[in-house]
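Structure, as structure tokens:
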Amino acid sequence: MAQRIHLIAAARPNFMKVAPLWHALAGAGGFEPVLVHTGQHYDSNMSDAFFADLRLPAPHYHLGVGSGSHAEQTGGVMMAYEKVALADRPDWLVVVGDVNSTAACAMVGAKLGLQTVHLEAGLRSRDRRMPEEVNRLVTDALCDVLWTPSPDADANLRAEGVPDARITRVGNIMIDSFELVRPEIEAAGVPEELGLERGGYGVVTLHRPSNVDDPVALLKLVEALIEAQRRLPLVFPVHPRTARKLRGALFDSKLARAGVRLVEPLSYVRFMSLVAGAAAAITDSGGIQEETTYLGLPCLTLRENTERPVTLTEGTNRLVGPETLLLELDRALAAPPASRRPDRWDGKTAARCVDDLRRRAAPARLPTSRNPDELARAYSGAERRVSAGSSYRRSS
Ligand code: UD1
């Protein structure tokens, strides 16, 4: 019988991590991948556009959780996913990345005794002020199998006492997404569409709470970007969180007056087309640090630390602050940093994940509660809620 795999999709960066694995599992035989969208990101340009670009089917389950405080979002996903997992118990639960939905579903999986896997495990910024760092620690502590992208991630897990048997270095799944739709990216022509000269502009993204939530910190970044714009025309696809903060402080018009092009968030293919044609990226994203290393393009990361150190040691990434952005941009433009592609960043990560699942023994579908009556009640209650179609829908 086919192994039923729940893949948790939630937010923009995770759609790119889930897509190659979904395709690999669907094509491998012996697996039945089931896509669960928690609804953490819901705008069409933050979600639907990515499903279309990455040729993902409509999610089998949509939990519709949406925005809220960290506790509201995490708790909302836990309550909604628990119902799904009880009613349609998977053989494996795969969570990816480090967003709130990742930790929430890992917690549900661990408590229900599901076999759980974390894709992109072991990354550590060692900065617990980042909500994602808390999510990484929780998720890795709970998941049975840890699929890592790089040797530093393996070392972090070992230092936390994780036995080798739980770790498989599969490589970087984001590179698989790029290779999956490379022809579409190459054909998209977004720089030309925006009237930009290839190799003659910079791409900006910002969304970390530490950068955008405090107006004083945000102003420093806005001023640094205005300086940078004097060196290199900048295009800035603006995340909804950042758009609200910029608008609230009237910084959007300040940037626009200085010539920075503010545009709506772009789909995956269009965004990668823009990045691939750029001279440099200025960002606080995790994924862009990796994509620019793969493309050999300078990346200036507006953060104090990174959970992706391999992009510094082997790639094109540099950590900068508002005070050092201009200097580092000048350096990068004058002499782009040399880079080599880290080991197993080769577009074959999803295939390694499938091999690893096959290699590991088929999990037993064991209930975890020690009390059979309680367990029976939980199951029948969940089934009733599911048939009533309460907080989510099943679309296929
Ligand atoms: C989340 C992830 C972050 C990831 C980022 C990519 C966590 C803790 N953070 O942060 O790791 O890098 O996604 O974008 O999980 N909003 C919309 N439409 C949407 C989604 C969000 O308007 O489709 C607005 C909402 O007002 C929301 C705000 O953006 O309050 C922030 O969204 P949220 O999902 O809470 O966190 P991100 O900042 O996107």
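Atoms within each ligand, like the ligands themselves, are counted from 1 in listed order.
The two residues S125 and R136 have their closest heavy-atom pair at OG-NH1, 3.8 Å. When every heavy atom of L302 is checked against every heavy atom of D284, the shortest pair comes out as O-CB, 3.9 Å. What you find for P20 and S177 is that their closest heavy atoms are CG-OG, 3.5 Å.
Remark: minimum distance from atom 35 (O) of ligand 1 to any protein heavy atom is reached at Q73 NE2, 3.8 Å. Looking only at heavy atoms of the protein, atom 2 (C) of ligand 1 is closest to V99 CG1, 3.7 Å. Scanning the protein heavy atoms around atom 36 (O) of ligand 1, the nearest turns out to be R241 NH2, 3.9 Å. Here the protein heavy atom with the shortest distance to atom 22 (O) of ligand 1 is P240 CB, 3.3 Å. In this structure, the protein non-hydrogen atom closest to atom 4 (C) of ligand 1 is H207 NE2, 3.7 Å. Atom 25 (C) of ligand 1 has S67 OG, 3.3 Å as its closest protein atom, hydrogens excluded (heavy atom only). For atom 20 (C) of ligand 1, the closest heavy atom belonging to the protein is H41 CD2, 3.2 Å. Ranking the protein heavy atoms by distance from atom 17 (C) of ligand 1 puts Y42 OH, 3.4 Å first.
If you take CZ on R341 and CG on L295, they are separated by 7.5 Å, rounding to the nearest 0.5 Å. A distance of 9.0 Å separates CG of N317 from CZ of R303, quoted to the nearest 0.5 Å.
Counted by atom type alone, Q289 and T306 present one or more donor-acceptor pairs between their side chains at under 3.5 Å.
Neither the backbone nor the side chain of P209 has any atom closer than 4.0 Å to an atom of ligand 1 (non-hydrogen atoms only). At a heavy-atom cutoff of 4.0 Å, ligand 1 is contacted by the side chain of M46 but not by its backbone. Only the side chain of E132 comes within contact range of ligand 1, with a heavy atom under 4.0 Å; no backbone atom does.
A donor-acceptor pair is defined here as one N or O able to donate and one able to accept, closer than 3.5 Å; such a pair exists between the side chain of T292 and the backbone of I288.
Aromatic ring centres of F51 and H37 lie closer together than 6.0 Å.
When each atom of ligand 1 is checked for a heavy atom of R244 under 4.0 Å away, the hits are 25 (C), 26 (O). Numbered from 1 in the order shown, with element, the atoms of ligand 1 that lie under 4.0 Å from a heavy atom of H70 read 8 (C).
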Stepwise side-chain contact (heavy atoms from CB on, under 4.5 Å) test for V263 and F236:
CA-CA 6 Å; V263 299; F236 184 175; over 6 Å; no
